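Proteins get letters first, then strands, A, B, ... in listed order; numbering begins at 1 in each. All of these numbers come straight from a predicted model, not from anything done at the bench.
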Amino acid sequence: MTDSEKPTLLVVDGHSLAYRAFFALPVDNFSTKDGQHTNGIYGFLSMFVNLVKAEQPTHLAVAFDTSRHSFRTDEYPEYKANRSASPAEFTGQIPLLQEALAAMNVTVLTKEGIEADDILATLATEGAAAGYDVLVCSGDRDTIQLVTDDVTLLYPSVQGVSQLKRYTPDAVVEKYGLPPANYPDIAALVGETSDNLPGVPKVGEKTAVKWLNQWGSLDALLENADKITGVVGGNLREHLDDVRRNRSLNALLRDVELPVGPDDLAVQPIDAEAVRDIFARLEFRTLLPRVFDALGGDADEASTAAPTVAAPVAAEVDPAGARAWVDAQEGELALTVTVEGGLPARIGIASLDAAVEAPWSDDIAEALRDWLESDAPKVLTDAKPQVKALRRAGVALGGLSFDPILAGWLVRPSFPDKTLGDLVGRYLDEKLPEADPRQLVPETEGATPGQLGWYALRVTERIREEMPASVAAVLTDIELPTLGALADMELAGVAISHEKLSAFSSELAARADDIATRAYAEIDREVNLGSPKQLQDVLFEQLHLPKTRKTKTGYSTDAAVLADLQESNPHPFLDLLLQHREATKLRQIIESLDVAIGPDGRAHTTYLQTGSQTGRLSSTDPNLQNIPIRNEESHRIRAAFEVGEGYETLLTADYSQIEMRIMAHLSGDEGLIEAFNSGEDLHRFVGSRVFGVAPADVTPAMRTKVKAMSYGLVYGLSAFGLSKQLRIDQSEAKLLMTEYFARFGAVRDYLRESVAQARVDGYTETIFGRRRPFPDLASPNRVLRENAERAALNAPIQGSAADIMKLGLLHIHDQLITDGLRSRVLLQIHDELVVEVAPGEGDAVESIVRQRMGDAAELSVPLDVQIGRGANWDVAGH
DNA sequence: TCTGATACGTA
DNA sequence: CGTACGTATCAGAC
């Protein structure tokens, strides 16, 4: 083997280099939205990637310190004792950095009681002996001693971590005047301030080198210390022990026992998906391609890149051909319907081997109807719009067996994988061919419907591999059937009276104008009342009101703050501002509803099935899940939601206190279970227990307090938050919590236990097995960790409620169809459904709704369903 | 034209 | 220092 063919081993001191990066890069530019600092991680990885690309090592490892404690501190407790503790902002980055390196399949080494440099020394020594060219990268000068003909040190220069100086034996001699092996002797004499190792006073590098050259070795020098003249000679004689101690401590261990040797450190292909995951969490974008560039496609590794198989060319078929092709297939197929103007345009069908496609037509609909409507398993990517298009074309799709978008969301609810392209990137590490929309004559052809199906099937295989059984059950039993119900609800829409809305809108506009005029009079000028910035100027500069809660850009002017101000420093402007806000907000909502009314007189919302991290739906365009209900004018808005033509009435049904019922079920708290079984009003019951009075003697104030407490529990409320909410002393809030938990102790036990379990598992689970990961429960960043704890507390409760509502919804939807009723579900608002009832079906529908919602889950407390009917939503609601 | 911050509507 | 969402508006960056 010639020199040029020798393998190259690169070993890196992760700790010291990340630490340098931490101080070199501004924290402000390197923080995630959640507040996690990433400057050390970014700086290290950036340097690391450049290094790997430049040096092309065949073998690779990164070592870290475990703690400040090591065998050196055992020997000499003052070792490094002068160093201030690493800032928590730095130490918190280390686990994430290690996670990123693990995702890159870079070996990370640590050993209790051993410093990173000792690990480097050991690997360098073993590597050189085994015939490697060794590169050591460290920010600790002690590693100079490792340099030999086979070992080169890469040391960050003062300019920054990106500039590395190469120390070969010649370079060391040039800089220090002595060979690398003597460097620790110099350091022992001079001392190392940063390690709290004092040397001989007045002795610097020059003197040390002179002495060592003169006497040939440190031992010889120390033996002849009495022959050195002058003040420095005296200093040396007084500090002989210090020098010996320094020399003993700065010698790096070369025989640390490690679980791996150099041969085990061959560069591995990176785990592309894991790297994407962690980089997404760290919000690194530009670094991602650099990592793939440096570590991604190593041509020497045969197994590195999964061979990219070209998608089959989809054969264009006629209706008979399509039918014949489908009949010849076995098992699950992918179906892709392209939608134009809400109707099917083309259809593609794929297996893992082949694909066909055709333009949509009545003929193909008839040719394929049996198959489309049958239970034959079909994979559709983002199925809902396609299901809707088919339904508009008179085809009721059956056999939906998988939707990669839904499945990907169930597996990783926090990830923004909204397209097949995202999933192809994540799960296949390939790029879905997409036509560049900016080009009139596309250079790159996009995948055709048939090919999209082929990709969908391959992604499906991969997602199924990593889906736990409980999550797969949620997909099959809840999400896929819900998808069909949602498609019908969106198609149906809800009738809204434009007349009612526009009349109210004009009224509100006039009201807002009037309020604004009066507000301007109060401050003798006109400002934009919708601009928080201008309002700050008015409130705090002009009116000299006391500064309020701080925000990122100044001081808050939100409703709670304004109400507080009005109490402490009454001013007519404040009240007018609040009124103006209310009027304009209502008008906004009305306007957005009005423009959403279609030619059919109905608004068709879109339910985002993957829009939340807990399992809830969300609603957009328009959002029909946040229609006002609290104040007087909101009734007029709800009154505009009317029963449609050809129907008799609207029926609303909502679960009462479903989250507290789930809390009772999950905690098994006997008091809470009794509350729900007693038939007594929940808050009255709880209030009587907490305050030790008869239910009839629970005052409204008591009820308000326990109600806030009960609801707060579900969100991880603190005594501070409770006191703020109820405007009571923190001590009183604390007392309330104590009393509450004294009566309902199992609730507290459950909440504690569920977070502890989530910390162990890394995720929470609903009653039905829906999971939500919480990596931040392990974060050393307190803000991140406590946010995660509250979310983890809430997730199983909110998520179980969402599961139950979905089951109720889809059971009602299905039974209305099987019973041949025309009535239909229109809206879902988390714990409420709105149903449009066909003439004469009222009682049947009410019975179905009550039964199906009530039976959606078998809990240790009953599910109570409140039902109302009326010609509009305001009357039907209660 | 796009994005972040603020404010506010719902469960 | 209370969870989960979507939308409108302003202001500043591009």
Got a donor-acceptor pair under 3.5 Å from the side chain of A:Asn623 to the base of C:dG6? no

Using 30° and 60° as the class limits, which term best fits the ring planes of A:Tyr740 and A:Phe744: parallel, tilted or perpendicular? tilted

Presence of [X] side-chain N/O under 4.0 Å of [N] phosphate oxygens OP1/OP2:
X: A:Thr614; N: C:dA4; answer: no
X: A:Lys533; N: B:dA5; answer: no
X: A:Arg630; N: B:dA11; answer: yes
X: A:Ser618; N: C:dG6; answer: yes
X: A:Gln625; N: C:dA4; answer: no
X: A:Thr557; N: B:dA7; answer: yes
X: A:Arg772; N: C:dA4; answer: yes
X: A:Ser556; N: B:dA7; answer: yes
X: A:Ser619; N: C:dC5; answer: no

If we only count heavy atoms from C-beta on, is the [X] to [Y] side-chain gap below 4.5 Å?
X: A:Phe720; Y: A:Gln730; answer: yes
X: A:Trp873; Y: A:Ile627; answer: yes
X: A:Asp669; Y: A:Tyr750; answer: no

Rounded to the nearest angstrom, tell me the gap between atom [atom1] in [X] and atom [atom2] in [N].
X: A:Tyr607; N: B:dA11; atom1: OH; atom2: P; result: 13 Å
X: A:Leu827; N: B:dA11; atom1: CG; atom2: P; result: 13 Å
X: A:Met663; N: B:dA11; atom1: CE; atom2: C1'; result: 16 Å
X: A:Gln536; N: C:dC10; atom1: CD; atom2: C1'; result: 12 Å
X: A:Asn787; N: C:dC1; atom1: CG; atom2: P; result: 8 Å
X: A:Ile627; N: C:dA8; atom1: CD1; atom2: C1'; result: 14 Å
X: A:Lys550; N: B:dA7; atom1: NZ; atom2: P; result: 15 Å
X: A:Glu659; N: C:dC5; atom1: CD; atom2: P; result: 13 Å

Categorize [X] for me: base, sugar-phosphate, or nothing, with a 4.0 angstrom heavy-atom threshold over every strand shown.
X: A:Arg616; answer: base
X: A:Ile629; answer: sugar-phosphate
X: A:Gln613; answer: sugar-phosphate
X: A:Ala802; answer: nothing
X: A:Glu832; answer: nothing
X: A:Arg782; answer: nothing

Closest to the [X] side chain: [options]?
X: A:Lys552; options: B:dA5, B:dA7, C:dG6; answer: B:dA5
X: A:Phe720; options: C:dC1, C:dA4, C:dG6; answer: C:dC1
X: A:Gln798; options: C:dA4, B:dG9, C:dG6; answer: C:dA4
X: A:His830; options: B:dA11, B:dA7, B:dT10; answer: B:dA11
X: A:Ser531; options: C:dC10, B:dA7, B:dT6; answer: C:dC10

I'd like to know if the side chain of A:Ser619 and the backbone of A:Leu624 have a donor-acceptor N/O pair within less than 3.5 Å.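 Yes: the side chain of A:Ser619 pairs with the backbone of A:Leu624.
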
For A:Ile597 and A:Ser497, work out which heavy atoms get closest and say how close.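 In this case the closest contact between A:Ile597 and A:Ser497 is CD1-C, 4.5 Å.
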
Can you tell whether the side chains of A:Arg581 and A:Asp558 come within less than 4.0 Å, N to carboxylate O?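 Salt bridge flag = no for A:Asp558 with A:Arg581.
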
Dot-bracket assigned to DNA chain C with the 3.5 Å Watson-Crick/G-U criterion, [ ] for crossing and | for other-strand pairs, is ..|||||||||||.

Is it true that the side chains of A:Ser656 and A:Asp864 contain a donor and an acceptor less than 3.5 Å apart?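 The criterion, which ignores hydrogens and geometry beyond distance, is satisfied for A:Asp864 and A:Ser656.
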
Could you tell me if A:Gln609 and A:Glu479 have a donor-acceptor pair between their side chains, going purely by distance under 3.5 Å?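 Judged by distance alone, the side chains do pair up.
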
Working to the nearest 0.5 Å, report the span between CZ of A:Arg759 and OG1 of A:Thr764.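 It is 13.0 Å, given to the nearest 0.5 Å.
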
Can A:Tyr715 and A:Tyr711 be said to form a ring-ring contact (aromatic ring centres under 6.0 Å, His included), step by step? CA-CA 7 Å; A:Tyr715 305 139; A:Tyr711 276 105; 7.5 Å; no

At a heavy-atom distance below 4.0 Å, what parts of residues 566-598 of chain A sit against DNA chain C?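 A:Gln588, A:Ser592 - these, ordered by number, are the residues of the stretch whose heavy atoms sit under 4.0 Å from the strand.
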
Looking at A:Arg630, A:Arg636, A:His635, which one forms a side chain to side chain contact (heavy atoms under 4.5 Å, CB included) with A:Glu632?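 Result for side chain to side chain contact (heavy atoms under 4.5 Å, CB included) with A:Glu632: A:His635.
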
Could you say whether A:Pro532 or A:Gln730 is positioned toward the 5' end of DNA chain C, judged by the nucleotide with the nearest heavy atom to each? A:Gln730

